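Just so it is clear, the model here is predicted, and its values are computed rather than measured. Per chain, numbering begins at 1; letters A, B, ... match sequence-line order.
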Protein chains: 2
Amino acid sequence: MPTLDDVAKKAGVSRGTVSNVFNRPDAVRTALRERVEEAARLLGYGGPDPKGRLLKEGKFNAIGFMPPGAYAISDVVRSPYGRELLLGAAQACDAAGATLSLVNGTDETRTASIREALVDGFILGNVIDIELVASAKRRRLPFVILESDAGPEINSIRIDGHCGAIAAARHLLGLGHRRFAILSIRRAAGAPIVHMPGKSGRELMTGFALDHERLAGFRDALAEAGLSIDDMPIIETTPGDPGAGAAVFDNCPDATAIVTMSDWQAITVLDEAVRRGIDVPDQVSVIGFDGTAEAARTIPPLTTVAHDIAGKARMAAEMVLANGAPRQVVLPVELTLRGSTAKPRDALAPGKRQPAKPPRP
Amino acid sequence: MPTLDDVAKKAGVSRGTVSNVFNRPDAVRTALRERVEEAARLLGYGGPDPKGRLLKEGKFNAIGFMPPGAYAISDVVRSPYGRELLLGAAQACDAAGATLSLVNGTDETRTASIREALVDGFILGNVIDIELVASAKRRRLPFVILESDAGPEINSIRIDGHCGAIAAARHLLGLGHRRFAILSIRRAAGAPIVHMPGKSGRELMTGFALDHERLAGFRDALAEAGLSIDDMPIIETTPGDPGAGAAVFDNCPDATAIVTMSDWQAITVLDEAVRRGIDVPDQVSVIGFDGTAEAARTIPPLTTVAHDIAGKARMAAEMVLANGAPRQVVLPVELTLRGSTAKPRDALAPGKRQPAKPPRP
DNA sequence: AGAAAAACTTGGAGCGCTCCAATAAATGTT
DNA sequence: AACATTTATTGGAGCGCTCCAAGTTTTTCT
């Protein structure tokens with residue numbers, strides 16, 4: 001690869017002049033410029049390599065987007081939620097003329113990616129462990145984390161999950177539901193993990209997970225109605241896992257309402273219901289979380305706890321780009337009522353519901 | 001911002017040693033390493049800035065994706081076709097551990113973006129003018145263009161649009177349709193442009209546009225049936241423009257079939273049909289192009305000329321990453337029959353169809 | 001024509017880091 | 001204790017470019 005220097009040598013001028021020919025052409029006399037251009041052409045030099053300039057200028061004019069949890073960047077594109085996040089970030093980048101870099105990172109390489117990403121700042125999809133935040137901080141670039149709060153020093157934007165969960169639960173309770181199955185979010189890839197009532201620990205509600213808050217909201221709303229979340233089965237599934245529906249219907253045959261932590265989970269439940277001939281909402285109500293565009297297009301359309309996902313990501317990107325004082329933003333949610341929730345009907349009406357199977361060990 | 005040098009000075013060691021502390025920690029004796037780490041901590045130095053390394057190593061480990069036509073990156077995320085492209089590119093990047101950079105560029109800044117993008121190569125969404133290809137070539141990085149062929153020197157991947165259009169047209173002709181309205185693709189943003197038969201030039205079939213080929217396919221299939229494309233209205237619209245449907249129904253009230261160049265166009269037509277109470281496929285057949293996931297979920301599901309969009313983008317990304325000898329790939333298409341096409345019924349059955357309006361000037 | 005002003009060129013000093021040959025220090029051997 | 005090995009550390013040369021003060025040439029003006 002020829003460099004600026006090579007061209008300068010060939011044209012018999014200095015490096016600076018060649019730089020001018022490409023960057024400030026009218027600061028160079030025509031004859032000379034043409035000579036330089038000719039030399040560049042001869043050498044196959046296509047103009048200054050941005051690498052050099054970069055070092056000088058110090059800015060990439062790019063922000064990085066690091067997928068939430070254990071997701072790869074293709075998972076982000078595939079997921080309804082991830083797509084809207086991407087859309088919002090892209091809008092902000094469009095407006096700022098910046099590049100949006102989808103930064104790749106598996107669980108092991110994630111901190112390395114943060115250390116080395118060629119960006120001016122980044123958006124961290126919701127973070128599982130505090131270590132990631134620490135390494136982001138070490139990088140000393142602006143960043144914002146989504147769906148977690150890491151204190152007043154760190155930019156964060158999250159929704160009011162507690163409130164959203166309460167709204168969802170009250171809605172279902174108001175319809176008369178008393179037996180719930182809860183789909184919580186499993187971060188790592190893998191099969192659903194079933195926690196039946198009374199069984200294994202309920203320490204799901206701790207830690208840095210985005211559904212901590214939401215579960216707490218359900219718990220509180222349930223408590224208002226004299227119910228305990230400890231009596232409800234909780235199943236951890238990875239959003240988008242097509243096995244989620246099966247895990248629910250197999251393990252919780254008498255639940256009249258299925259509450260989820262993401263629309264994508266709810267959508268897979270809906271799919272499985274169709275497969276099993278279970279009518280939603282006639283036999284079982286399903287409620288989503290997020291308010292993705294897809295939720296409006298399912299059959300039946302999904303009742304969901306909606307928020308402005310793209311707006312959230314747009315704000316995040318703008319915060320990164322602006323690089324101002326740290327802020328913690330909590331966005332409102334809104335319960336969007338659609339067709340997937342209704343009053344419970346006798347859950348065991350003969351012939352209409354598939355026979356209860358014993359819960360798996 | 002402290003640099004490696006500052007740390008070295010503060011710790012009283014050389015730059016190289018500090019570099020080792022961060023990159024090859026066990027090549028430095030413990031005591032010294034700790035002294036260096038302490039100095040770094042004191043200075044708030046968070047590790048080597050990737051900019052420096054970059055210059056040395058010369059690789060970004062990233063590929064750029066430049067949106068087709070006049071689209072912004074948010075348009076790509078928004079469009080069903082763009083999303084699948086993104087998905088495929090993301091899959092390839094996941095596999096290679098590379099970053100996918102969505103490179104921003106308006107019409108004016110596009111060549112500048114190509115000149116300056118901080119990537120090792122790029123995918124160019126379908127290109128309108130040859131000038132873009134020239135500037136990509138000048139950059140001397142591997143790149144592939146989608147949906148165009150720029151000769152044997154340039155990587156390109158496109159589908160067999162001619163064949164696809166013929167299949168679509170034959171299908172409709174076989175059903176008995178004789179009066180078509182054709183939606184062609186308008187590249188720039190803007191309102192639909194209506195070309196009624198006999199009116200304004202038909203030079204749509206020239207140039208570097210992706211629908212050149214497809215129009216030619218329709219023309220040829222129509223000719224087989226003794227019809228001329230010159231007798232059919234052609235309307236140029238930007239995919240996703242919600243006005244597309246109105247433009248068709250207003251201007252071509254007696255078409256029994258609407259052929260489009262993209263699913264997104266077809267979907268907006270479907271939406272407008274619902275709005276006007278026009279039954280698809282009872283009153284008018286609609287056919288898409290691309291085979292996006294969305295096309296399967298419309299009501300009625302869309303008959304479309306499908307291809308593996310994500311696979312195409314994946315291949316493109318792999319070609320960029322591999323940086324091998326130039327190839328030109330033509331991918332097969334497949335007519336996917338669904339519910340949006342059927343036999344024409346008398347197009348002007350009274351009371352069922354909205355009265356024909358005169359075409360707009 | 002000569003001086004002053006304007007226009008153009010140059011060369012060097014970075015930008016922050018990595019790599020490597022050379023040097024220095026520690027450890028091992030007889 | 002003298003020497004050979006092994007292990008640590010250093011300093012300089014890039015990587016490709018931009019910026020700028022200083023120097024040179026050309027143009028303009030009297």
Side-chain angles (χ1 to χ4, degrees), chain A residues 1-40 43-61 112 115-120 138-141, chain B residues 1-40 43-61 112 115-120 138-141:
Chain A
M1 281 277 115
T3 78
L4 237 185
D5 250 323
D6 301 333
V7 178
K9 220 157 288 166
K10 176 123 192 167
V13 298
S14 80
R15 216 168 37 248
T17 300
V18 182
S19 173
N20 280 338
V21 167
F22 286 96
N23 296 311
R24 274 172 244 77
D26 36 77
V28 178
R29 221 161 334 194
T30 316
L32 226 206
R33 186 178 61 231
E34 277 164 1
R35 199 165 93 226
V36 171
E37 279 165 349
E38 174 65 8
L43 258 53
Y45 179 77
D49 184 328
K51 273 194 285 291
R53 177 182 349 225
L54 174 67
L55 190 51
K56 188 79 190 180
E57 300 196 340
K59 286 198 54 201
F60 293 93
N61 191 32
R115 207 167 41 231
E116 323 219 306
L118 303 171
V119 297
D120 302 324
R138 216 170 302 131
R139 177 77 191 270
R140 315 209 123 218
L141 287 180
Chain B
M1 278 278 117
T3 78
L4 237 185
D5 250 324
D6 300 333
V7 178
K9 219 157 289 165
K10 176 123 193 168
V13 297
S14 79
R15 215 167 40 247
T17 300
V18 181
S19 174
N20 281 337
V21 167
F22 285 97
N23 296 311
R24 273 172 244 77
D26 36 78
V28 178
R29 220 159 335 173
T30 316
L32 226 205
R33 186 178 61 231
E34 278 164 1
R35 200 166 93 225
V36 172
E37 280 166 348
E38 174 66 8
L43 259 53
Y45 179 76
D49 184 329
K51 273 194 286 290
R53 182 189 339 237
L54 174 68
L55 189 52
K56 188 77 191 185
E57 300 196 341
K59 286 197 56 201
F60 293 93
N61 192 31
R115 206 168 43 230
E116 321 218 308
L118 303 171
V119 297
D120 302 324
R138 215 170 301 131
R139 178 76 191 270
R140 315 209 123 219
L141 287 179

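- Comparing D:dC17, D:dT9, C:dT9 by their nearest atom to the side chain of B:T17 picks out D:dT9.
- Among the protein residues, B:K56 comes within range of the nucleic acid bases, having at least one heavy atom under 4.0 Å from a base atom.
- Per the geometry, CZ belonging to B:R33 stands 15 Å off C1' belonging to D:dT9, to the nearest Å.
- With B:L4 as reference, B:V18 is the one residue of B:V18, B:V21, B:T17 to meet the side chain to side chain contact (heavy atoms under 4.5 Å, CB included) rule.
- When rounded to the nearest whole Å, the span between CG of B:N20 and C1' of D:dT10 equals 10 Å.
- Atom P of nucleotide C:dA25 and atom CG of B:L32 are separated by 12 Å, given to the nearest angstrom.
- Residue-level contact check: B:T3 touches the backbone only, with heavy atoms under 4.0 Å from sugar-phosphate atoms and none from bases.
- A:R24 places its CZ atom 13 Å from the P atom of C:dC8, with the value rounded to the nearest Å.
- Here the two rings, on A:Y45 and A:F22, have centers that are under 6.0 Å apart.
- Note: CG (B:D6) to P (C:dC15) measures 10 Å, nearest angstrom.
- Note: CG (A:L54) to P (D:dC17) measures 12 Å, nearest angstrom.
- Whole-Å rounding puts the A:R29 CZ to D:dT24 P distance at 15 Å.
- Taking the side chain of A:V13 as heavy atoms from C-beta on, and the options D:dC17, C:dT10, C:dG16, the nearest nucleotide is C:dT10.
- Residue B:R15 has its side chain nearest to C:dT18 when only D:dT10, C:dG16, C:dT18 are considered.
- The side chain of B:S14 lies closest to D:dT10, out of C:dG16, D:dT18, D:dT10.
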Should A:V7 and A:R15 be marked as a side-chain contact (heavy atoms from CB on, under 4.5 Å) after you check the CA-CA gap, both sets of side-chain angles, and the distance that decides it? CA-CA 8 Å; A:V7 178; A:R15 216 168 37 248; over 6 Å; no
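- Nucleic acid contact for A:F22: none, since no nucleic acid atom lies under 4.0 Å from a heavy atom of the residue.
- For the pair B:D49 CG and C:dC17 C1', the computed distance is 8 Å after rounding to whole Å.
- In this structure, the side chain of A:R33 engages the main chain of A:P25 through a donor-acceptor pair within 3.5 Å.
- Listed nucleotides D:dG16, C:dT18, D:dC17 differ in distance to B:L55; the shortest reach to its side chain belongs to D:dG16.
- Residues B:R139 and A:P50 come closest through the heavy atom pair NH2-CG, 3.2 Å.
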